[in-house]
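This report refers to the structure that appears directly beneath it.
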Amino acid sequence: MPKPKSAAFARIRAEVIRLVALIPEGKFTTYGSIAVHMNVMARHVAFVMSRLTEEESATLPWHRVVSADARISPKMDPLLAETQRARLEAEGMSINAAGFIQCDEAHFHSVGVRRSIRWSQQPD
DNA sequence: GGAGAGGCTTACT
DNA sequence: AAGTAAGCCTCTC
């Protein structure tokens, strides 16, 4: 394979796209999970997500990717966060006002959640 | 070429 | 329990 300018990013992006595309409907995963699966850092996954192209954002179920606490990233643009929440709810999942996914059983790969998710601390 | 930032995560205070 | 600090790697200016 030739070596593009951003070889690392290209590879990571491809991996992220591939993994995210594999997430079944009605399920979700975390940046950390994807990162672990592709042996990269969670930040890279998040970065790839933020730098997705129109085609990718339209094709990939990026909304099924949330932070380690199983909630929508608060740092994300309100518009995107709202879109993400809407899409998840459209798939039959319950998201509260804080953006926490209340369907813990919908977690695709629980790899990223090593720490106890504060399901009880969900701010309503 | 160096410095700052980025949709995170873990660990410690 | 909540908040703060550091860490990792890549991108953009």
Side-chain angles (χ1 to χ4, degrees):
Chain A
M1 280 295 288
K3 197 175 74 164
K5 298 180 180 180
S6 46
F9 192 53
R11 158 183 153 250
I12 294 172
R13 180 171 52 172
E15 295 275 312
V16 171
I17 292 172
R18 185 178 303 176
L19 288 175
V20 173
L22 292 178
I23 302 175
E25 190 174 301
K27 296 259 184 176
F28 70 93
T29 188
T30 67
Y31 295 103
S33 296
I34 297 176
V36 170
H37 275 264
M38 50 196 293
N39 199 34
V40 297
M41 304 208 67
R43 264 196 180 173
H44 297 162
V45 179
F47 212 83
V48 171
M49 298 297 267
S50 59
R51 297 277 95 184
L52 280 179
T53 64
E54 297 180 11
E55 180 180 346
E56 292 165 338
S57 60
T59 306
L60 292 176
W62 57 268
H63 55 272
R64 296 180 192 151
V65 183
V66 295
S67 62
D69 288 347
R71 75 170 167 133
I72 300 174
S73 302
K75 304 300 181 192
M76 191 188 296
D77 289 339
L79 187 63
L80 287 175
E82 194 174 351
T83 302
Q84 182 171 17
R85 185 172 63 90
R87 288 203 187 187
L88 290 173
E89 291 181 336
E91 294 185 353
M93 299 167 57
S94 301
I95 317 292
N96 64 14
F100 279 85
I101 298 177
Q102 301 186 323
C103 299
D104 55 315
E105 43 187 55
H107 207 169
F108 188 30
H109 16 227
S110 327
V111 182
V113 186
R114 299 154 183 161
R115 230 167 145 195
S116 307
I117 300 183
R118 318 170 191 169
W119 301 105
S120 315
Q121 306 172 32
Q122 304 175 16
D124 246 307

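Values below: every heavy atom of this structure, side chains too, minus hydrogens, waters and symmetry copies. Lettering of chains follows the sequences in order, A, B, ..., and the numbering in each one begins at 1.
With a 4.5 Å cut-off on side-chain heavy atoms, A:R85 and A:I72 count as touching.
A side-chain donor-acceptor contact under 3.5 Å links A:N96 to the backbone of A:A98. With hydrogens and angles ignored, the 3.5 Å screen pairs a side-chain donor or acceptor of A:R64 with a backbone N or O of A:I23.
We find that CZ of A:R71 is positioned 8 Å from P of B:dC8, with the value rounded to whole Å. Distance A:R13 CZ to C:dC9 C1': 16 Å, rounded to the nearest Å. The CG-C1' distance, from A:N39 to C:dC9, rounds to 12 Å in whole Å. A:D69 has its CG atom 13 Å from the P atom of B:dA11, to the nearest Å. Taking atom CZ on A:R11 and atom C1' on C:dC9, their separation rounds to 11 Å, with Å as the unit. In this structure, the CZ atom of A:F9 is 14 Å from the C1' atom of B:dA5, given to the nearest Å.
Under a hydrophobic clustering in which Ile, Leu, Val, Met, Phe, Trp and Tyr are joined whenever their side-chain heavy atoms come within less than 4.5 Å, directly or via other members, A:M41 and A:V66 fall into different clusters.
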* Structure fact -> Output field dot_bracket for DNA chain B (Watson-Crick or G-U, both distances under 3.5 Å, | for other-strand pairs) contains .|||||.||||||
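Contacts between residues 41-62 of chain A and DNA chain B, counted as heavy-atom distances below 4.0 Å, involve A:A42, A:R43, A:A46, A:F47, A:M49, A:S50, A:W62.
Atoms CZ and CG, on A:R87 and A:L80 in that order, are 9.5 Å from each other to the nearest 0.5 Å. Rounded to the nearest 0.5 angstrom, A:Q84 CD and A:M49 CE are separated by 7.5 Å. Considering CZ of A:F28 and CD of A:E91, their distance stands at 12.0 Å, rounded to 0.5 Å.
Side-chain nitrogen and oxygen atoms of A:S73 include at least one within less than 4.0 Å of the OP1 or OP2 phosphate oxygen of B:dC8.
When all heavy atoms are compared, the tightest approach of A:I12 to A:M38 is O-CE, 3.2 Å.
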